[in-house]
J.: 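Structure in structure tokens, see below.
As the structure is a prediction and not an experimental result, all values here were calculated from the model. Excluded from the calculations below are hydrogen atoms, water molecules and symmetry mates; all remaining heavy atoms, backbone and side chain alike, are included.
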Amino acid sequence: MLDPEMLRRITARRAELDELEEQLAKQLAEVRAERDELAVAEHVLERMNKPLADERASAAPAPGRVTGRVSGQAVIPSEGDSVQVADPAAREDRG
């Protein structure tokens with residue numbers, strides 16, 4: 001014969017698990033819905049940023065030449081494609 005106390009405990013635990021299953025199913029549905037919303041938001045953001053990125057790229061200034069110093073030498077842009085490096089020591093020898 002079945003133990004009535006054991007049967008009551010099994011029934012109670014089954015009811016607890018059924019309730020937990022419902023809560024988890026609801027929570028899972030909410031998580032999936034939020035994930036889908038985030039995917040849509042990400043897609044919209046990408047679509048909005050693409051024209052801005054294209055606009056910024058077309059408005060960016062053309063690269064130019066920069067003068068400065070490299071290892072103690074003056075970098076002087078020339079009219080050709082190459083960059084001339086003036087050696088300060090060579091200037092001192094001339095003068």
J.: Are E19 and Q23 side-chain neighbours, meaning at least one heavy-atom pair lies under 4.5 Å?
T.: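 A side-chain contact exists here, since the closest heavy-atom pair is under 4.5 Å.
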J.: Working to the nearest 0.5 Å, report the span between CD of E21 and CG of L28.
T.: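 CG of L28 is found 11.5 Å from CD of E21.
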J.: Can you name the residues that form a side chain to side chain contact (heavy atoms under 4.5 Å, CB included) with L52, not counting sequence neighbours?
T.: N49
J.: Answer whether the closest heavy-atom distance between the side chains of Q27 and L24 falls below 4.5 Å.
T.: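 In contact.
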J.: Taking NZ, NE, NH1 and NH2 as the nitrogens, is one of them in R32 or D36 under 4.0 Å from a carboxylate oxygen of the other?
T.: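 A salt bridge is absent here (no side-chain N lies under 4.0 Å from a carboxylate O).
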J.: Taking V44 as the fixed residue, which of E42, M48, E46 is the one that meets the side chain to side chain contact (heavy atoms under 4.5 Å, CB included) rule?
T.: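 Among E42, M48, E46, the one that satisfies the side chain to side chain contact (heavy atoms under 4.5 Å, CB included) with V44 is M48.
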J.: So how far is it from T11 OG1 to M6 CE, rounded to the nearest 0.5 Å?
T.: 11.5 Å
J.: If you count heavy atoms of other groups shown closer than 6.0 angstrom to CD of E34, is the number above 12?
T.: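 Not buried by this count: 12 neighbours or fewer within 6.0 Å.
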J.: Would you sort out whether D18 and R14 count as a salt bridge (Lys or Arg N to Asp or Glu O under 4.0 Å), showing the intermediate values?
T.: CA-CA 6 Å; D18 288 345; R14 179 172 281 161; 5.7 Å; no
